[in-house]
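These numbers come from a predicted model, not from an experiment.
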Amino acid sequence: SLIYALIYTVCIYKNMTGAAVLLWVVATIGYICYIVKTVKERKVFKTTIIFAVYMLILAGSTFTTGNEWIIWMNYCWIFAFTVCFLIRNMADENEWNFWDYLCGGVNAVFGAIGSIARPFGDGNDFARLREKKENGKAREILIGIAVAIPVVLLIGGLLMSADLVFSNMIAKVFEGIRIPANLAGICFMLCFGFISSYCGVRYTAYRKDRQEVKILTETTAMFTVSVLVAVLYVIFCGIQIIYLFGGGGELPAGVTYAEYARQGFFQLLVVCILNLGAVLTMEHFFQRNRAVDAVLTVISVCTIIMTASSGWRMILYIRAYQLTFLRVVVLVALAVITLLMAGTICYIWNRRFPLFQYGMAVVCVSYVLFAFAHVDAGIAAYDLAQIENGNTAGDYSYLSCLSTDAAPVIAEYLKEHPDKSYYGDGIYNWKWEYMQENDRMNQPVTLRTFNLSYLRAKRIFSEK
């Protein structure tokens, strides 16, 4: 764990976007494989190798993009798949589904937090055993040093404030010592890497085996709720088909289609996510029958219609205003929800359908395509085209906040329109603002901090 923490600190400290993230992910995979081999005395399951491959792919995406949101999402996915890779290999060889991974992951995270004192207790036991074997006093000496440091600092501070001569003498002794500015941050990251990794594998290696989830046989109450919700959804979806898709109804006075689309989008998105979770929960925890399957199918189909409604609302809003990163994320999420609901319908009527594997494939492939798509370049191209077409909602100020992924598009636009570097009555230079927002492209490039997006943007603007 100490070796892993050193690698983690060297690779990631003040370097979340560099190529060293690939080395850190390789170290993470190797660390887990070593734990599996030494604790469980076996090799990793072949079915979990896909987790390791996906982590490496996301590491590659991290140093090829300049979009900070994608980089942070990459780290979240890497963490999630690290937990899945660990808990799956520490468990039995039975097949796991979505709920097994979800419950196992949550237990592992909170169990690791609850084991935060384990490294110190285990370290004390380890030192005591070594001491008995070697008849040494190393453990007592280390304990004495650990206790003495805060005591000496406290008493020394009191004595320095009590006597000026003593204070000046101590100050002269230490005036030539310069503590590196980054020492505190490095020490914190090293401690975090050690404690988090040790606690995670310590809890997972010795946790109790999971228990089978009990299927509820009494479904009358839940069925009643589902029927009423399904009726409400059918009415709502009918209104969407008439007003939004068909344009056959009249909107309230003074309300444009863009305002109508914006007004209910986020509520519909939340409902779609809740519906997906509710259908999966009922399918897993409640006994099935034809009536329940029919109601769940109606809810699933209505969810797909709601998802289409949400997507169409967002498209109307984008046409009226402009494209942003958040709006692209929402459209991708809606597409993923639609595919998941379609798979859920297949599973409801055919229990042999591999819903978990299908869902994992949909989510993972969709996110990888999104992470490597350089979305900011597409956003810049669309918004600049809107501005050129006279869309008054177009704004250069948002373009100046885009990442280095948009550099090729922005540089090409400025080359073709050299008079468009300023906006706001010719006062603000948005090209200069863009380069200020992405000043990391001008920092020295090393093997550790190498980022393909930064390097490409630097080359493009240096040529101009």
Novice: Would you name the heavy atoms of Ser61 and Thr64 that are closest together and state the gap between them?
Specialist: O-OG1, 3.0 Å
Novice: Would you check if Val332 and Val375 make a side-chain contact, meaning some heavy-atom pair closer than 4.5 Å?
Specialist: no
Novice: Just by modelled atom types, is the Gly200 backbone N or O under 3.5 Å from a matching donor or acceptor in the Thr204 side chain?
Specialist: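 Yes, the answer is positive, given that a donor and an acceptor are paired below the 3.5 Å cut-off.
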Novice: In sequence, state the C-alpha distance, the side-chain angles, and the governing distance for Asp122 and Arg202, and then conclude on side-chain contact (heavy atoms from CB on, under 4.5 Å).
Specialist: CA-CA 10 Å; Asp122 291 352; Arg202 177 67 167 78; 2.7 Å; yes
Novice: Kindly indicate whether the side chain of Trp77, heavy atoms from C-beta on, has any atom under 4.5 Å from the side chain of Val363.
Specialist: yes
Novice: Does Ile3 have more than 12 heavy atoms from other residues, nucleotides or ligands lying within 6.0 Å of its CD1?
Specialist: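 No - once you tally the heavy atoms of other residues, nucleotides and ligands closer than 6.0 Å, there are 12 at most.
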Novice: Nearest 0.5 Å please: distance from the SG atom of Cys191 over to the CD1 atom of Ile186.
Specialist: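 Rounded to the nearest 0.5 Å, the SG-CD1 separation comes out at 12.0 Å.
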Novice: With a 3.5 Å cut-off and no angle check, do the side chains of Tyr203 and Asn107 form a donor-acceptor pair?
Specialist: no
Novice: Between CD1 of Ile318 and CG of Leu323, what distance do you get to the nearest 0.5 Å?
Specialist: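 Result: 5.0 Å between the selected atoms.
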Novice: Identify the two heavy atoms, one from Phe194 and one from Ser197, that lie closest to each other, and give their separation to 0.1 Å.
Specialist: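 What the structure gives for the nearest pair is O-OG, 3.0 Å.
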Novice: State, to 0.1 Å, how close Ala59 and Leu22 come at their nearest heavy-atom pair, and which atoms those are.
Specialist: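 Scanning both residues, the minimum pair turns out to be CB-CD1, 3.8 Å.
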Novice: For the residue pair Asn15 and Thr449, confirm or rule out a side-chain donor-acceptor distance under 3.5 Å.
Specialist: no
Novice: So which atom in Ala27 and which in Ile7 form the shortest heavy-atom distance, rounded to 0.1 Å?
Specialist: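 Shortest heavy-atom contact: CB-CG2, 3.7 Å.
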Novice: Considering all heavy atoms of both residues, which atom of Asn451 and which atom of Thr17 are nearest to each other, and what is their separation?
Specialist: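 Smallest interatomic distance, heavy atoms only, reads ND2-O, 2.8 Å.
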Novice: Could you tell me whether the side chain of Phe81 reaches within less than 4.5 Å of the side chain of Cys364, counting heavy atoms only?
Specialist: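 A side-chain contact exists here, since the closest heavy-atom pair is under 4.5 Å.
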Novice: With the side chain counted from C-beta on, respond yes when Met55 and Thr82 share a heavy-atom pair under 4.5 Å apart, and no when they do not.
Specialist: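 The answer is yes, as the side chains (C-beta and beyond) meet within the 4.5 Å cut-off.
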Novice: Tell me whether the count of non-hydrogen atoms from other residues, nucleotides or ligands lying under 6.0 Å of CZ in Arg456 goes above 12.
Specialist: yes
Novice: Measure the shortest side-chain to side-chain distance between Ile305 and Tyr233 over non-hydrogen atoms and say whether it is less than 4.5 angstrom.
Specialist: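 With C-beta onward as the side chain, the pair stays apart.
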Novice: Kindly say whether the aromatic ring centers of Tyr101 and Phe51 come within a distance under 6.0 Å.
Specialist: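 That pair passes the under 6.0 Å test.
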Novice: Are any side-chain N or O atoms of Thr62 and backbone N or O atoms of Leu58, one a donor and one an acceptor, separated by less than 3.5 Å?
Specialist: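 Checking the backbone N and O of Leu58 against the side chain of Thr62, a donor-acceptor pair under 3.5 Å is found.
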Novice: Distance from Ile71 atom CD1 to Cys76 atom SG, nearest 0.5 Å?
Specialist: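 Nearest 0.5 Å value for the CD1-SG distance: 12.0 Å.
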Novice: Inspect the surroundings of CG in Leu369 and state if more than 12 heavy atoms from other residues, nucleotides or ligands are less than 6.0 Å away.
Specialist: yes
Novice: What is the minimum heavy-atom distance between Ile70 and Phe325, and which atoms define it?
Specialist: CG1-CZ, 3.8 Å
Novice: Under 30°, 30 to 60°, or over 60°: which ring-plane class applies to Tyr8 and Tyr4, parallel, tilted or perpendicular?
Specialist: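 The arrangement is parallel - the two ring planes meet at less than 30°.
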Novice: Counting only heavy atoms not in Leu228, do more than 12 sit closer than 6.0 Å to its CG atom?
Specialist: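 Atom CG in Leu228 is packed in, count exceeds 12.
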Novice: Less than 4.5 Å apart, any side-chain heavy atom of Tyr367 and any of Val336?
Specialist: no
Novice: Could you check if a side-chain atom of Ile35 sits within less than 4.5 angstrom of a side-chain atom of Met90, using non-hydrogen atoms only?
Specialist: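 Yes, side chains in contact.
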Novice: Which value, rounded to the nearest 0.5 Å, describes the distance between Arg88 atom CZ and Ile32 atom CD1?
Specialist: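 Between atom CZ of Arg88 and atom CD1 of Ile32 there are 14.0 Å.
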Novice: Between atom CG of Asp376 and atom CG of Asp405, what is the distance when rounded to the nearest 0.5 Å?
Specialist: 5.5 Å
Novice: Take Val328 and Phe370 through the test side-chain contact (heavy atoms from CB on, under 4.5 Å) and record every step on the way to the result.
Specialist: CA-CA 10 Å; Val328 175; Phe370 174 72; 3.9 Å; yes
Novice: Quick one, Val36 and Phe45 - any side-chain contact, counting heavy atoms below 4.5 Å?
Specialist: no
Novice: Stepwise, does the side-chain contact (heavy atoms from CB on, under 4.5 Å) test hold for Val365 with Val368?
Specialist: CA-CA 5 Å; Val365 172; Val368 165; 5.8 Å; no
Novice: Consider only side-chain N and O atoms of Ser1 and Tyr31, and report whether a donor and an acceptor are under 3.5 Å apart.
Specialist: yes
Novice: Do any N or O atoms from the side chain of Tyr434 and from the backbone of Ser403 form a donor-acceptor pair under 3.5 angstrom?
Specialist: yes
Novice: Rounded to the nearest 0.5 Å, what separation is found between the OG atom of Ser300 and the CG atom of Leu340?
Specialist: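 With rounding to 0.5 Å, OG (Ser300) is 11.0 Å from CG (Leu340).
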Novice: What verdict does the side-chain contact (heavy atoms from CB on, under 4.5 Å) test give for Thr324 and Ile379, after you've listed the backbone C-alpha separation in whole Å, the side-chain angles of each residue and the deciding distance to 0.1 Å?
Specialist: CA-CA 6 Å; Thr324 64; Ile379 293 172; 5.7 Å; no
Novice: Would you call the rings of Trp72 and Tyr75 parallel, tilted or perpendicular, taking 30° and 60° as the class edges?
Specialist: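 The arrangement is tilted - the two ring planes meet at 30° to 60°.
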Novice: Look at atom CD of Glu41 and say whether more than 12 heavy atoms of other residues, nucleotides or ligands are closer to it than 6.0 Å.
Specialist: no
